[in-house]
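Because only heavy atoms are used, hydrogens play no part in the values below, and waters and symmetry mates are left out as well, while side chains stay in. Residue numbers start from 1 in every chain, and the chains themselves are labelled A, B, ... in the order their sequence lines are given, proteins ahead of strands.
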There are 2 protein chains.
Amino acid sequence: MADVKTGVNPLFLREEELRQGMELLFYAYRDFTAEPDAILGKIGLGRAHHRVIYFIGRNPAITVTELLSILRITKQSLSRVLSELVRSGFVTQRPGVRDRRQRLLELTEKGVDLERQLSESQRQRIAKAYRKAGAVAVEGFREVMLGIIDDEDRPKFTAKLDRAALKR
Amino acid sequence: MADVKTGVNPLFLREEELRQGMELLFYAYRDFTAEPDAILGKIGLGRAHHRVIYFIGRNPAITVTELLSILRITKQSLSRVLSELVRSGFVTQRPGVRDRRQRLLELTEKGVDLERQLSESQRQRIAKAYRKAGAVAVEGFREVMLGIIDDEDRPKFTAKLDRAALKR
DNA sequence: GCGGTTGTGTCAACATGGCTGACGTAAAAA
DNA sequence: TTTTTACGTCAGCCATGTTGACACAACCGC
């Protein structure tokens with residue numbers, strides 16, 4: 001049972017290691033969101049708006065249902081945020097071609113600008129971390145993060161067939 | 001400017017890589033918090049209570065100020081959550097010895113139980129990801145995550161001298 | 001010992017972003 | 001034709017953050 005190298009219970013080490021992992025996630029997320037939050041605050045928007053803008057920018061012509069499944073919130077919650085973004089001219093909606101009930105969402109030029117501004121500090125933060133850690137570490141980071149994410153969303157990061165395009 | 005191997009603009013690749021990193025953080029955090037949130041909901045508590053319980057459990061006899069600096073919220077926000085936890089018998093307070101203005105926070109037995117229950121699914125999630133990815137990947141994960149975290153909190157994960165103990 | 005600083009608490013008001021439940025409409029699919 | 005789907009909206013509630021103001025005890029430096 002004794003760990004020869006350290007003289008410490010290996011179960012304790014494991015527990016400590018896992019707790020460190022949990023805390024890394026907490027601190028990283030806390031710091032990752034801090035800067036965009038500050039920018040958003042100045043223009044009367046919140047983190048929820050950033051998420052919506054981000055994923056629309058990332059998946060042009062995304063539908064409301066697809067967006068809901070990414071964010072895992074209710075349509076009522078999304079609706080509030082989304083309609084604010086449409087009203088203030090960051091996002092446009094147009095009916096789907098194959099299914100006219102759908103509202104395909106796109107960023108306006110103004111929306112693209114805001115998205116870029118908001119994500120800039122985050123991109124820089126990730127870039128700095130990647131650069132400092134090196135390619136091997138980045139690959140390890142990717143693997144561990146993928147393991148943390150629920151199975152169903154993992155394919156998003158591997159095969160990049162455009163599921164979205166099939167639907168419209 | 002052209003990337004010989006892929007025939008793709010390397011700036012685009014870099015952008016894609018960074019965006020993937022950002023999304024990994026979003027999805028990992030979303031899934032990491034989902035299960036404890038569900039448990040908390042049933043007993044009328046929220047994620048904020050989990051965070052407080054977690055960090056008190058992790059740093060027994062932590063002071064309010066120290067807790068505030070970890071959570072980066074206002075004392076008024078913490079106060080509400082903390083007093084609920086004290087009132088419901090998850091946390092105890094006692095005056096500091098060296099500084100009697102301080103309230104040293106500890107989990108009660110009930111608090112320890114709840115903490116364990118809440119963090120269990122998270123520990124398992126991390127453990128599964130670590131196991132699957134392997135030791136090298138875990139080290140890479142650690143390095144990248146540390147790079148994402150603000151400088152000031154990075155020492156928490158390296159030198160583990162007990163700063164807290166010096167203060168009381 | 002006095003005066004400033006620190007640790008903590010509290011009251012009040014407000015914003016954000018979740019939630020549930022209910023109801024409605026248009027379009028697609030069976 | 002009926003049912004299901006995609007989406008919207010109204011209303012109300014809750015959790016969790018914010019700012020600002022005030023209070024008090026205790027500590028620290030001069």
When all nucleic acid strands are considered with a 4.0 Å heavy-atom cut-off, which category describes A/Gln93: base, sugar-phosphate, or nothing?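 Touches sugar-phosphate only.
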Using a heavy-atom cut-off of under 4.0 Å over every strand shown, decide if B/Thr65 touches base, sugar-phosphate, or nothing.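 The residue B/Thr65 makes sugar-phosphate contact but no base contact.
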Please pick, from C/dG7, C/dT20, C/dA28, the nucleotide with the shortest atom-to-atom distance to any side-chain atom of A/Thr74.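 Minimum distance to the A/Thr74 side chain belongs to C/dT20.
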Quick one: which of D/dC7, C/dG18, C/dT8 gets closest to the side chain of A/Arg103?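 Nearest nucleotide to the side chain: D/dC7.
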So for [X] and [N], does any side-chain atom that can act as donor or acceptor lie under 3.5 Å from a complementary atom in the base?
{"X": "B/Lys75", "N": "C/dG7", "value": "no"}
{"X": "A/Gln76", "N": "C/dG17", "value": "no"}
{"X": "B/Arg101", "N": "D/dA26", "value": "yes"}

A/Arg100 CZ - C/dA26 C1' separation (whole Å):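 Atom CZ in A/Arg100 sits about 9 Å away from atom C1' in C/dA26.
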Pair B/Ser88-B/Glu84, side-chain donor/acceptor within less than 3.5 Å: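 Short answer, no.
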Distance below 4.0 Å between A/Ser79 side-chain N/O and D/dG8 OP1 or OP2: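 False: A/Ser79 side-chain N/O out of range (4.0 Å or more) of D/dG8 OP1/OP2.
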Please determine whether a side-chain nitrogen or oxygen atom of A/Ser77 lies at a distance below 4.0 Å from atom OP1 or OP2 of C/dC19.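 For C/dC19, OP1/OP2 do have a side-chain N/O of A/Ser77 under 4.0 Å.
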Which residue lies more 5' along DNA chain D, comparing A/Val64 with A/Arg80 via nearest heavy atoms: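 Closest to the 5' end, via its nearest nucleotide, is A/Val64.
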